Amino acid sequence: MRNPILMTLVGFLAVFADGAPQSIAHEEHHAECNESAINALKADIQAMRAGEAKMRATKEMNMAQQMMAKNDMEGCKSHIHSAMEATEE
Amino acid sequence: MSQPTSQHDLHQTTPRKRRWVASIFLVLLVLLGATAIAIYTGIYNVAADVPHSQPVYWLFEMVRYRSVWARAHDLVVPNDLDDAGRISRGAGQYAEMCSVCHLAPGMKRTEVSRGLYPRAPELRRGTDLSTAEEFWILKHGVKMTGMPAWGPTHNDDLLWDIVAFLQKLPELTPDQYQALVKNAPGHDQMMKGIEDGQMDHHH
């Protein structure tokens with residue numbers, strides 16, 4: 001009969017080992033809504049190769065700027081976060 | 001029937017031409033003056049944390065693209081860029097000299113890569129450059145981008161090794177990249193090889 005504790009441990013290790021490379025490759029985003037963050041994002045987007053991801057990142061950044069102009073900081077952060085995700089695709 | 005050009009017509013067109021030339025000259029003078037004032041007053045922000053407007057960015061990109069193309073398009077590319085030795089040596093050089101700006105598979109953005117403007121391209125995503133253009137940029141660098149010229153310190157063969165590795169880079173997983181770098185000859189070892197070669201050459 002198999003040891004349930006050992007099986008659980010193996011299960012945890014398998015999940016952790018599978019997720020580890022992704023967590024290394026994926027940036028943790030700390031989205032802020034201010035002029036510096038928008039500028040950094042613009043610089044990132046300018047350097048992207050033309051394509052669908054760049055279009056999406058640009059659209060999200062424009063929406064973030066609109067939200068910032070309306071003082072909707074949470075909405076702005078959300079769009080900055082989405083734009084950051086797009087820059088990494 | 002058309003009449004031959006009379007002396008009277010000539011007298012009329014010449015002042016009109018003169019006015020045109022004077023107008024163009026005046027416009028150029030005003031533009032030159034405005035440019036001089038703009039430069040002198042420091043109106044253009046050169047801070048690296050404030051990006052160029054899209055037209056200015058496009059202009060610089062186009063100048064860079066055409067300049068590199070004009071100088072690289074007739075370079076002879078070695079036909080052994082898929083050689084495992086070249087790729088391995090290139091991986092070692094890349095990890096040491098390039099990855100801090102251009103990053104690598106599985107690597108988070110660095111402080112340098114986040115601060116550079118224009119951003120250094122993330123080469124694991126591939127580039128639109130030809131192999132000859134990659135070599136040219138490696139050798140000569142690019143003004144006002146932070147890209148140094150490696151030509152003064154590295155011989156062409158070593159630079160082609162890096163180009164060979166760049167062809168492979170977009171298809172590498174983080175583990176494959178790490179394995180390649182681990183097994184590559186060290187940067188210092190390769191540089192010593194170059195220096196020894198130069199010393200032998202001088203003797």
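A note on names: the letters A, B, ... follow the listed sequences, proteins ahead of strands, and every chain is numbered from 1. This is a predicted model, so every value here is computed, not measured.
Contacts of T173(B) with chain A are absent, with no heavy-atom separation under 4.5 Å from either backbone or side chain. Interface residue D49(B): only backbone heavy atoms are found under 4.5 Å from chain A.
K59(A) is not listed as a side-chain neighbour of M55(A), based on a closest heavy-atom distance of 4.5 Å or more. Looking only at side-chain heavy atoms (C-beta outward), P105(B) and L169(B) come within less than 4.5 Å of each other. W160(B) has its side chain out of reach of L138(B): every pair of non-hydrogen atoms, C-beta onward, lies at least 4.5 Å apart. Side chains of Y94(B) and L123(B) form a contact here, defined as non-hydrogen atoms less than 4.5 Å apart.
Taking NE2 of H79(A) as the start and CE of M63(A) as the end, the distance is 4.0 Å to the nearest 0.5 Å. Annotation: the span from Y177(B) atom OH to S99(B) atom OG amounts to 4.5 Å, rounded to 0.5 Å.
By the 4.0 Å N-to-carboxylate-O rule, R56(A) lies too far from E60(A) to be salt-bridged with it. By the 4.0 Å N-to-carboxylate-O rule, D157(B) lies close enough to R86(B) to be salt-bridged with it.
Residue-level contacts of residues 50-59 of chain B with chain A, in order of numbering, are V50(B), P51(B), H52(B), S53(B), Q54(B), Y57(B); threshold 4.5 Å between heavy atoms. At a heavy-atom separation below 4.5 angstrom, chain B is approached by N39(A), A40(A), K42(A), A43(A), D44(A), Q46(A), A47(A) within residues 32-47 of chain A.
A donor-acceptor contact closer than 3.5 angstrom is absent between the side chains of R114(B) and T110(B). Side-chain N/O atoms of Q167(B) and T131(B) include no donor and acceptor closer than 3.5 Å.
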